[in-house]
Amino acid sequence: MVAPLTHSDHPARWWTTMPDGRIKCRLCPRFCKLNDGQRGFCFVRQRDGDRIILTTYGRSSGFCVDPIEKKPLNHFLPGTAVLSFGTAGCNLGCRFCQNWDISKAHVWDRIADAASPEQIAQAAQRLGCRSVAFTYNDPVIFAEYAIDVAEACHALGIRAVAVTAGYITADARAEFYHHMDAANVDLKAFTEKFYHRLCFAQLAPVLETLVYLRRETNVWFEVTTLLIPGENDSDAELNRAAEWFAENLGPDVPWHFSAFHPDFKMLDTPPTPPATLARARQIARAKGLHHVYTGNVHDREGGSTWCPDCGRRLIERDWYVLGEWNLAGCRCAFCGREIAGRFEEKPGAWGARRMPVRLGV
Ligand code: SF4
């Protein structure tokens, strides 16, 4: 059963009334200041009298069962299925957005399915998914809904995964991540100039989120950088980013370099050559990082997991398809070296399938 396309007036959190009467949203570093009726940059948080409401609570742009590797997460329950969904809107304004039909959607255009947190958790269980992912658009902007879904999932033994740009304030960060089991965080580039010019955002809060995840939480997280020719793929920038990564996140946090394809407002930029992904991977590995991957391409070398000690292949991957499996629990089956991640005795068998689903139908 599909609910009517009405918006939700769920009370939003993380806001303060200012002396001049406006209400300041404190959820993300934009700190939108709203007069009555105004919406924030993300479009989905709106002032309604003396409060802010989340207009997309309980509403989704669609559900799909994906391989967990698609998030991408290569060290979190490999091979298992994840129930993925998003809502509408976004708190960044990336000109190269690869999901712009959702992230730039006005709520009324895109919100097709309605689902309570309990319905989502039950659907994940019924469909054999080990986790639910908040993805397609950034879950930070629907944090209240994402947290409630995560709680409902945990009650059924299902994990919660955030796919996010990490653009969240220190105020909201702790509670949001308290409810997440895993995350993939975009590090879109390593310059403020890029974030300012191409995302209408800032780099510094994203780095703070990454350091917070590493130092203050047990959330399993991996990092993704979409390499855009001529914008964030120079040797100098990649070297600086890799140095920062090694120093602040350590060698065991996986880093995915993925290929850009022309989209949204960057249709004139060419797609990323596979050689660029291989070069970025080489630079990051040369800085001591253990698990560096190439994405959105067929590359068995760059897609597979290798033991940092003995150099043997532990998990073979070709895009989202797993091949040989040489882990014994969370250790290398050859030399016994512990491998960072959340592994079980056997991989899942979901494969590369992508299965759209309608909840409640
Ligand atoms: S979450 Fe939305 S309303 Fe709040 S500060 Fe960010 S963009 Fe503005």
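Both ligands and their constituent atoms are indexed starting at 1 by order of listing.
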Quiz item: Any N/O/S atom, backbone or side chain, of Cys32 lying under 2.8 Å from atom 8 (Fe) of ligand 1?
Solution: yes

Practice problem: Find out whether the Lys NZ or Arg CZ of Arg173 is both under 6.0 angstrom from the six-membered ring centre of Phe176 and within 45° of the ring's axis. | Solution: no

Quiz item: Which residue owns the protein heavy atom closest to atom 4 (Fe) of ligand 1, what's the atom, and how far is it?
Solution: Cys25 SG, 2.3 Å

Self-check item: Distance from atom 1 (S) of ligand 1 to nearest protein heavy atom, with residue and atom
Solution: Arg45 CD, 3.6 Å

Quiz item: Which atoms of ligand 1 have any heavy atom of Arg30 under 4.0 Å away?
Solution: 5 (S), 7 (S)

Quiz item: Does the side chain of Asn326 pick up a donor-acceptor pair with the side chain of Glu324 at under 3.5 Å?
Solution: yes

Exercise. Check Asp252, Thr305, Asp309 against His290 for a side chain to side chain donor-acceptor pair (under 3.5 Å) and give me the one that passes.
Key: Asp252

Quiz prompt | Sub-4.5 Å side-chain heavy-atom contact between Val219 and His178 | solution = no

Self-check item: The one among Ala201, Cys42, Cys28 that brings a heavy atom closest to atom 2 (Fe) of ligand 1
Solution: Cys42

Exercise. Mark up the atoms of ligand 1 that fall under 4.0 Å of a heavy atom belonging to Phe31, in ascending order.
Key: 5 (S)

Quiz item: Numbering the atoms of ligand 1 from 1, which are under 4.0 Å from a heavy atom of Gly40?
Solution: 3 (S)

Quiz prompt | Pair Arg45 + Glu144: basic N to acidic O under 4.0 Å | solution = yes

Quiz item: Are the charged groups of Arg240 and Glu243 less than 4.0 angstrom apart, N to O?
Solution: no

